[in-house]
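Notes follow the structure.
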Amino acid sequence: MTIDTPSSTTAAVQAETNSLVSKLWNYCTVLRDDGLSTIDYVEQLSYLLFLKIADEQYQSDLSEEPKRIVPEHLDWPSLIAKKGEELETHYRTVLVELAKNPHTNLGTIFAKAQNKITDPAKLQKLAVELIGKQEWAAAGVDIKGDAYEGLLAKGAEDVKTGAGQYFTPRPLIDAIIDAVRPTPDDTILDPACGTGGFLIAAHAHIAREYAGRMTKAQQDHLSSGAIRGVELVPGTARLAAMNMLLHGIGTSDGPSLIDVRDALAKQPTGDERVSLVLANPPFGRKSSITVYGTDGRLDKEDISYDRTDFRSTTTNKQLNFLQHIMSALKVDGRAAVVLPDNVLFEGGAGEAIRRRLLQDFDVHTLLRLPTGIFYAGGVKANVLFFDKKAPRADKKPCTSKLWVYDFRVGQHFTLKTRQLRRHHLDDFVTAYLPGKSRKGRVATERFAAYDVADLLKRDKVNLDITWLKDPALEDSDSLLPPAVIAREIVDDLQAALNEFAAIAEALGEQVDDESVPAV
């Protein structure tokens with residue numbers, strides 16, 4: 001089933017979602033005139049939405065002793081009972097008081113929260129007229145969660161806000177989830193979770209596929225932190241915690257499911273290792289922090305991490321995240337990670353890490369992604385699927401064959417005129433054979449297999465493999481619309497600038513992300 005042919009129920013829900021997103025987004029435009037950014041607005045919306053939904057859940061609780069999620073003197077009724085400056089003053093008090101227990105989901109959401117809607121009249125309009133008049137709990141988890149996600153997507157479209165840096169296209173997330181098929185027995189981690197898209201999609205898949213079939217132990221497992229994330233940026237972490245709560249994951253007073261810290265700073269211990277990692281680590285060429293591995297290399301930096309579980313020392317953020325994910329997996333655990341092209345071909349530490357991957361892991365699938373699907377310009381990325389294996393007694397590589405699906409050549413998308421949809425990835429998911437033996441895979445024009453022996457012979461163990469030709473380059477009748485061609489030229493130029501900057505860094509020249517011009 002594809003999202004292009006929704007049922008009447010789905011269409012009605014989507015229409016209501018779009019209406020809510022449009023209404024709330026239009027008010028964001030008004031507040032932008034006061035200097036409030038999109039991210040600021042969505043954060044403020046998060047606080048108010050939580051208070052409103054918490055009150056609705058309390059009011060609808062039919063038990064003899066309904067449990068308050070928010071203390072009475074800080075709840076939604078206490079807020080909307082006030083007007084003008086009293087409302088603004090009380091709102092600031094609410095934000096401060098609810099942040100006092102930092103180890104709960106509630107504390108994560110309101111950590112260091114500040115009221116940035118300083119005009120009492122506009123605050124009252126947002127709280128009373130826009131949020132207050134909508135019965136969010138009655139609409140159900142999907143409608144309120146999707147409305148919230150729609151706002152995040154709107155924010156990601158606004159490139160100037162920087163929101164796009166942590167927003168992964170939902171159709172791509174859904175296709176990855178359909179391929180790896182999370183189960184109620186999994187422990188799931190996203191070490192760079194952004195707003196929680198992978199975690200929410202994994203939970204939704206489990207709830208849908210195992211509805212009515214989960215044991216009590218499995219239900220307890222899912223409700224006690226089986227799905228969790230790590231996020232470096234506090235503001236983004238609060239959005240993730242709020243987004244997860246809106247989708248019914250966790251409880252407001254339960255342990256925080258989002259760990260606000262640098263994932264690379266801590267080596268996973270035995271009980272912290274997981275069976276499934278889903279991640280889109282932050283793009284970028286260089287980190288200001290070097291992670292020292294066991295290869296003995298030293299690289300002078302202001303801050304450093306000593307990770308004895310890493311084999312290679314590098315300042316490349318994606319390579320360090322890849323090493324972290326390799327370490328975070330249990331034996332027989334699996335991972336699906338979005339990675340830029342340079343991780344597939346970069347020499348030095350990159351080559352060493354790829355050799356270790358092929359040796360110690362079953363690196364079985366690579367999905368080459370098209371340009372034009374990410375909000376960050378010039379991104380050429382892939383999804384790498386691999387499983388952790390116990391060392392083989394014969395010392396042979398755990399990888400036997402890498403299947404590469406080329407979804408890049410001949411595929412042209414833009415963020416506005418031709419957006420990526422879930423059905424565009426149907427052929428990949430079908431070829432992946434979810435839940436079935438990979439021995440049954442069949443090669444096609446876009447899906448080809450490469451033996452590990454041949455991969456190890458490639459220069460620098462380069463996994464950036466392509467064999468297709470773009471038909472638009474050979475057939476004048478297949479020429480793309482001018483807007484698409486222009487966008488792809490811009491993306492190619494931006495990607496080239498990024499790669500040249502990486503070369504400059506490798507030669508010892510310090511290049512900040514901000515110094516590379518946006519094309």
Side-chain angles (χ1 to χ4, degrees), residues 279-287 291 293 295 297 299 310-326 335-361 363-371 373-374 376-386 397 399 401-409 411 446-470 488 491-509 511 513 516:
N280 180 3
F283 290 168
R285 298 175 308 282
K286 183 173 180 177
S287 170
V291 183
D295 56 5
R297 289 181 54 220
D299 199 355
F310 284 11
R311 304 284 181 83
S312 303
T313 299
T314 177
T315 57
N316 182 298
K317 286 184 290 188
Q318 296 85 28
L319 289 175
N320 281 328
F321 264 104
L322 181 54
Q323 291 190 92
H324 177 72
I325 291 166
M326 292 159 67
V337 189
V338 180
L339 296 167
D341 278 9
N342 71 280
V343 172
L344 302 182
F345 61 74
E346 188 171 300
E351 178 182 352
I353 291 168
R354 289 191 296 277
R355 286 189 182 278
R356 183 190 168 204
L357 259 178
L358 295 174
Q359 180 66 38
D360 298 344
F361 295 75
V363 187
H364 54 79
T365 312
L366 176 68
L367 170 63
R368 289 170 52 83
L369 297 173
T371 58
I373 67 172
F374 292 97
V379 171
K380 290 188 174 181
N382 316 265
V383 185
L384 190 64
F385 298 81
F386 56 91
T399 300
K401 189 176 293 187
L402 171 64
W403 286 83
V404 181
Y405 189 98
D406 194 327
F407 186 57
R408 181 178 302 174
V409 175
Q411 297 295 322
R446 289 193 176 273
F447 203 35
Y450 296 84
D451 289 333
V452 68
D454 295 328
L455 295 175
L456 290 169
K457 292 176 184 176
R458 290 173 60 87
D459 182 42
K460 298 180 182 179
V461 194
N462 187 342
L463 301 183
D464 187 24
I465 302 170
T466 184
W467 62 94
L468 296 175
K469 292 184 178 180
D470 193 334
E488 292 193 352
D491 285 343
D492 286 342
L493 287 172
Q494 188 68 61
L497 282 171
N498 292 344
E499 289 176 11
F500 278 122
I503 293 172
E505 287 172 353
L507 295 174
E509 180 71 23
V511 181
D513 284 350
V516 179

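Annotation: side chain of Thr314 is in contact with side chain of Gln323 (closest heavy-atom distance under 4.5 Å). With contacts defined as side-chain heavy-atom distances shorter than 4.5 Å, the pair Leu384/Leu357 qualifies. Between Leu455 and Arg354, every side-chain heavy-atom pair lies at or beyond the 4.5 Å cut-off. The shortest distance between side-chain heavy atoms of Val404 and Tyr450 falls below 4.5 Å. Side-chain contact between Phe374 and Asn280 is present, with heavy atoms from C-beta onward closer than 4.5 Å. In this structure, Arg408 and Asn382 have side chains that are in contact, with non-hydrogen atoms separated by less than 4.5 Å. Residues Glu346 and Leu319 are in side-chain contact: their nearest non-hydrogen atoms beyond the backbone lie under 4.5 Å apart.
Atom CE of residue Met326 and atom CZ of residue Phe321 lie 15.0 Å apart, to the nearest 0.5 angstrom.
Ala453 is linked by a side chain to side chain contact (heavy atoms under 4.5 Å, CB included) to nothing, counting only residues two or more places apart in sequence or in another chain. By the ring pair (Phe, Tyr, Trp, His ring centres under 6.0 Å) test, Phe386 pairs with Phe361, sequence neighbours left out. Checked against side chain to side chain contact (heavy atoms under 4.5 Å, CB included), Asp464 has the following partners two or more places apart in sequence or in another chain: Asp341, Leu344, Phe345, Arg368, Asn462. Residues passing the side chain to side chain contact (heavy atoms under 4.5 Å, CB included) test with Pro370, sequence neighbours excluded: Ile373, Phe407, Gln411, Phe413. When the side chain to side chain donor-acceptor pair (under 3.5 Å) test is applied to Arg355, the partners found at least two apart in sequence or on another chain are Glu351.
For residues 447-463, the set of pairs meeting the salt bridge (charged side-chain N to carboxylate O under 4.0 Å, His left out) definition, not counting sequence neighbours, is empty.
A donor-acceptor pair is defined here as one N or O able to donate and one able to accept, closer than 3.5 Å; no such pair exists between the side chain of Gln318 and the backbone of Pro340.
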